[in-house]
Amino acid sequence: MDCLFCEIVRRKIPAKVVYEDEFCLAFYDINPQAPVHVLVIPKLHIESCDAVTAENSDYVAKIFEAIPKVAAKAGLTGGYRVISNCGADACQSVKHLHFHIVGGVQLSERMG
Ligand code: 5GP
Ligand code: ZN
């Protein structure tokens, strides 16, 4: 399977890792859109939010358990936004589920 984020999980492609456990990996986005911009991904290949099922949702729960640890490690003491782009209308460019953690600045009230 030709998946960029699976290759990052396998360490075939380098990334600046912030946090890792059995279920997920967090690393800095290569093209940050805020002072702090981290991606949290499941180690299991799940295409998007639209592909979450009863069989794989434990990985998603584990990601949300990891997010406070990721935020603390990234120094996000003032809060942060969690975003997952799903499908074409949301401009999802990497087809492996990921949650953007953005912060380090006062974010806009608008989201779309
Ligand atoms: P999407 O547009 O699918 O929601 O987000 C994909 C994100 O992955 C983008 O913010 C993009 O900058 C990031 N990205 C793409 N390729 C790489 C890469 O090779 N390494 C890292 N660290 N981030 C990447
Ligand atoms: Zn993948």
Side-chain angles (χ1 to χ4, degrees):
M1 195 192 339
D2 188 22
C3 172
L4 175 65
F5 286 176
C6 283
E7 293 291 84
I8 288 178
V9 168
R10 294 188 199 106
R11 302 300 209 274
K12 297 281 197 279
I13 293 173
K16 199 174 163 198
V17 171
V18 182
Y19 171 87
E20 179 173 21
D21 63 28
E22 192 185 340
F23 298 92
C24 67
L25 183 69
F27 51 94
Y28 286 99
D29 195 291
I30 206 168
N31 183 25
Q33 296 189 33
V36 177
H37 187 169
V38 177
L39 301 172
V40 191
I41 70 171
K43 288 190 168 176
L44 178 72
H45 182 86
I46 300 170
E47 188 163 315
S48 72
C49 286
D50 214 37
V52 175
T53 64
E55 282 67 48
N56 61 28
S57 62
D58 50 339
Y59 277 82
V60 181
K62 292 292 183 185
I63 284 174
F64 277 84
E65 282 181 39
I67 282 173
K69 300 175 197 171
V70 172
K73 283 199 164 193
L76 290 168
T77 53
Y80 52 89
R81 186 165 286 159
V82 182
I83 302 159
S84 189
N85 295 320
C86 177
D89 280 3
C91 302
Q92 182 183 4
S93 60
V94 179
K95 306 292 187 286
H96 180 128
L97 178 64
H98 50 282
F99 294 88
H100 299 258
I101 312 296
V102 292
V105 71
Q106 178 63 61
L107 299 165
S108 163
E109 285 187 9
R110 290 191 52 81
M111 284 188 286

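All values derive from a computational prediction rather than experimental measurement. Note that ligands are numbered from 1 as they come in the structure, with each ligand's atoms numbered from 1 the same way. Reckoned from all heavy atoms, side chains included, excluding hydrogens, waters and symmetry mates.
To the nearest 10 degrees, the angle centred on the Zn ion (ligand 2) between SG in Cys3 and SG in Cys6 reads 120°.
Here the closest heavy-atom approach between residue Ile8 and residue Ala15 is recorded as CG2-CB, 3.8 Å. The two residues Lys73 and Val18 make their nearest non-hydrogen contact at CD-O, 3.2 Å. Heavy atoms only, all atoms of each residue included: His96 and Leu44 are closest at NE2-O, 3.6 Å.
The minimum distance between the Zn ion (ligand 2) and any N, O or S atom of His45 involves atom ND1. Nearest N/O/S atom of His96 with respect to the Zn ion (ligand 2) is recorded as ND1.
Applying the salt bridge (Lys or Arg N to Asp or Glu O under 4.0 Å) test to Arg11 and every residue at least two apart in sequence or in another chain returns Glu20.
Enumerated by chain and number, the residues approaching ligand 1 to less than 4.0 Å through a heavy atom are Leu4, Phe5, Ile8, Phe27, Tyr28, Asp29, Ile30, Asn31, Leu39, Asn85, Cys91, Gln92, Ser93, Val94, His98, His100.
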Please set out all donor-acceptor pairs under 3.5 angstrom arising from side-chain atoms of residues 100-112, sequence neighbours excluded.
unit_1 : atom_1 : unit_2 : atom_2 : d
His100 : ND1    : His37  : NE2    : 2.8
Ser108 : OG     : Arg110 : N      : 2.9
Arg110 : NH2    : Gly112 : O      : 2.7

Return all side-chain donor-acceptor pairs below 3.5 angstrom for residues 64-71, not counting sequence neighbours, or 'none' if the list is empty.
none

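In this structure, CG on Asp58 lies 6.5 Å from CZ on Phe23, to the nearest 0.5 angstrom.
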